[in-house]
S.K.: 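I have a structure I would like to understand better, so I am pasting it below and will then ask my questions one at a time.
First listed ligand is number 1; within each ligand, the first listed atom is number 1. Reckoned from all heavy atoms, side chains included, excluding hydrogens, waters and symmetry mates.
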Amino acid sequence: MVFKVSKVSTTPFDGQKPGTSGLRKKVKVFVQPHYLQNFVQSTFNALTPEKVRGATLVVSGDGRYFSKDAIQIIIKMSAANGVRRVWVGQNGLLSTPAVSAVIRERVGVDGSKASGAFILTASHNPGGPNEDFGIKYNMENGGPAPEAITDKIFENTKTITEYLIAEDLPNVDISTTGVTNFSGPEGQFDVEVFDSASDYVKLMKSIFDFELIRKLLSSSKFTFCYDALHGVAGAYAHRIFVEELGAQESSLLNCVPKEDFGGGHPDPNLTYAKELVARMGLGKSTSEVEPPEFGAAADGDADRNMILGKRFFVTPSDSVAIIAANAVNAIPYFASGLKGVARSMPTSAALDVVAKHLNLKFFEVPTGWKFFGNLMDAGFCSICGEESFGTGSDHIREKDGIWAVLAWLSILAYKNKENLNGDKLVTVEEIVRQHWTTYGRHYYTRYDYENVDAGAAKDLMAYLVKLQSSLDEINSIVKGARSDVSNVVSADEFEYKDPVDGSVSKHQGIRFLFEDGSRLVFRLSGTGSEGATIRLYIEQYEKDSSKTGRDSQEALAPLVEVALKLSKMQEFTGRSAPTVIT
Ligand code: VG1
Ligand code: CO
């Protein structure tokens, strides 16, 4: 039977603008007739024809509610748009980093290679019928579509009048691996369902010394815990940590992927990863049981990571700096040296200090992983990170949660190489404190005001931009709030010119830079699905090694006070406290 291609008339929906990482909306919005279809067709129309006709596309995601229906719709639309084959991870599951790896590495039995992917995820946002769904398109290099493409997609969504779909194509069983062949008016169309983990596991084994990590994990002195928060990381955790590296089954928490993430918020931070935080001895209740030496968590689509030691939290900004400082020795993939390092603007300058010490190329880009891709493709950057629990390298073009855990395990394994039978292992905390002693410490915190009235958030930002025209006025507010805080020496909106393609991204965050190197940054989130989220990033550098051991909220209290006064946070938002502090 030859499937038929139908042209379906449609009208545009408002607000289909991809944010920091794709289009994210409530499921209720996505299930409206034509809503997903409009976005998918607008994406096809934004690509050059050879990236669609005859192409191989990957479609999968973090398994959240509505994914299974969305996959069938995208398969039917791909068939109708002349795509040659669609690759789907078993049960529709592929982590965001695994999608990137599949695009870059996987070769089909007939030699085919993928040229792009629809990733179905809203990442760290909750899932379920009343929660969020999301979709984003990744390109041939395995990275998120750049702004030139996402802008085009958005323009197309505003004028769309019809989409193509093969309505009579039967649903494909995505629960079992194998190839299903179909015949269309223009020839063959195949759907291949494949194992979600194999390509990714193979890539990890080519990067890290699994033997060395295995020795660490099998040492009786080392204890480990990994929390997937019911996200897609669970589809990889057992294979990698238990089967490959010999960790105990009991080290895995919440590693069964669920459509609603067990009703939780799959965001690996101190607020939402409650169970792990308690197990690691960081919660308020002190448990009888000795916490593990090392703990980590992932977000819904497994591109984020949180790293914890026993009763110790590693800030993501420190984490990327520490990985960069140790990579050449501890990780075989980097043995011949780093090409350079990069961070997003609001991420602390801990990485800058390492780059300087090691004489590495260094880049500061706007928030969002898409900005790292060009640097990596051009060979300028090996390791990069964001303060928002994102860390990764040029092995793919997405941040990579499990990679970050393996990087930390590699550092621990390397530092304890000669020590596995000794008295005591070198701990996560010791590695971090040693790093601060060598490089100084960047005290860092982020305040999130979630679901604030969108108009109020806009007004607050506009007020700050206006305030930036007068340093005198700024400093009189600063000094009025706290006389012990240094002067603001520059205030601007971050603007980035891509050194590879020259493209310019404006309005990427409002910065206040202080004489002593402290920074305050304000920006609006681009990943929320309702209202607005204001993010306030606060950072202070301490070089004196006798002062690097303070509690960070205490050390930052004066700057926090200044930030709240400067922005009139409570006045604009009505909030006396943030929703989340990290
Ligand atoms: C947030 C983070 C940003 C990250 C983005 C996507 O964006 O701040 O650093 O790249 O999420 O991460 P925003 O615009 O809300 O601040 V993920 O794991 O949600 O794909
Ligand atoms: Co994510």
S.K.: Decide whether D299 and S123 meet the rule of one side-chain donor and one side-chain acceptor closer than 3.5 Å.
M.R.: yes
S.K.: May I ask you to check whether Q16 and N38 show a side-chain donor-acceptor distance below 3.5 Å?
M.R.: no
S.K.: At a 4.0 Å cut-off, with the gap strictly under it, does some heavy atom of G368 reach an atom of ligand 1?
M.R.: yes
S.K.: Pull out every atom of ligand 1 sitting under 4.0 Å from any heavy atom of S123, numbered as shown with elements.
M.R.: 17 (V), 18 (O), 19 (O), 20 (O)
S.K.: Taking both backbone and side-chain atoms of Y537, is any N or O found less than 3.5 Å from an N or O belonging to ligand 1?
M.R.: no
S.K.: Tell me the contacting part of D299 for ligand 1: side chain, backbone, both, or neither, using a 4.0 Å heavy-atom threshold, strictly below.
M.R.: side chain
S.K.: Do S100 side-chain atoms and G142 backbone N/O form a donor-acceptor pair below 3.5 Å?
M.R.: yes
S.K.: Output a table of donor-acceptor pairs, distance under 3.5 Å, between side-chain atoms of residues 262-269 and any protein atom two or more places apart or on a different chain; print 'none' if there are none.
M.R.:
residue, atom, partner, partner atom, Å
N269, OD1, T271, N, 2.9
N269, OD1, Y272, N, 2.8

S.K.: Taking the inter-plane angle between the rings of Y137 and F118 on a 0 to 90° scale, is it parallel (under 30°), tilted (30 to 60°) or perpendicular (over 60°)?
M.R.: perpendicular
S.K.: Using side chain to side chain donor-acceptor pair (under 3.5 Å), reason through T96 and D301 one step at a time and then give a plain yes or no.
M.R.: CA-CA 6 Å; T96 293; D301 63 333; 2.6 Å; yes
S.K.: Below 30° counts as parallel, above 60° as perpendicular, anything between as tilted: where do the rings of F224 and Y226 land?
M.R.: parallel
S.K.: Counting each atom of ligand 1 from 1 as listed, which ones have a heavy atom of E386 under 4.0 Å away?
M.R.: 3 (C), 4 (C), 9 (O), 10 (O)
S.K.: Students should be able to answer this: which protein heavy-atom is nearest to atom 9 (O) of ligand 1, and at what distance?
M.R.: S388 OG, 2.6 Å
S.K.: At less than 4.0 angstrom from any non-hydrogen atom of T367, what atoms of ligand 1 do you find?
M.R.: 3 (C), 8 (O), 9 (O)
S.K.: Quick one, R397 and D377 - any side-chain contact, counting heavy atoms below 4.5 Å?
M.R.: yes
S.K.: State whether the side chain of S388 and the backbone N or O of G390 hold a donor-acceptor pair below 3.5 Å, judged by distance alone.
M.R.: no
S.K.: Is there a donor-acceptor contact under 3.5 Å from the side chain of T347 to the main chain of E387?
M.R.: yes
S.K.: Closest by any non-hydrogen atom to atom 12 (O) of ligand 1: pick that one out of H124, K399, E398, R535.
M.R.: K399
S.K.: Could you identify the single nearest non-hydrogen protein atom to atom 11 (O) of ligand 1 and state the distance to 0.1 Å?
M.R.: R304 NH2, 3.0 Å
S.K.: For atom 20 (O) of ligand 1, which protein heavy atom lies nearest, and how many Å away is it?
M.R.: R24 NH2, 3.0 Å
S.K.: Show me which atoms of ligand 1 lie under 4.0 Å from any heavy atom of R446.
M.R.: 8 (O)
S.K.: Between N326 and I322 (side chain of the first, backbone of the second, donor and acceptor by atom type, cut-off under 3.5 Å), is there such a pair?
M.R.: yes
S.K.: Where does M345 meet ligand 1, judged by heavy-atom distances below 4.0 Å: at the side chain, the backbone, both, or neither?
M.R.: neither
S.K.: Counting only heavy atoms, which portion of K136 has something under 4.0 Å from ligand 1: side chain, backbone, both, or neither?
M.R.: neither
S.K.: Considering only the protein, which heavy-atom contact is closest to atom 7 (O) of ligand 1, and what is its distance?
M.R.: T527 CG2, 3.5 Å
S.K.: Is the contact between S525 and ligand 1 made by the side chain, the backbone, both, or neither, using heavy atoms and a 4.0 Å cut-off?
M.R.: both
S.K.: Quick one: name the protein N/O/S atoms under 2.8 Å from the Co ion (ligand 2), chain by chain.
M.R.: S123 OG, D299 OD2, D301 OD1, D303 OD1
S.K.: If only atom types and distance count, is the side chain of R446 paired as donor or acceptor with the main-chain N or O of I538 below 3.5 Å?
M.R.: no
S.K.: Check this for me: does any side-chain nitrogen of one of E364 and R519 sit under 4.0 Å from a carboxylate oxygen of the other?
M.R.: yes
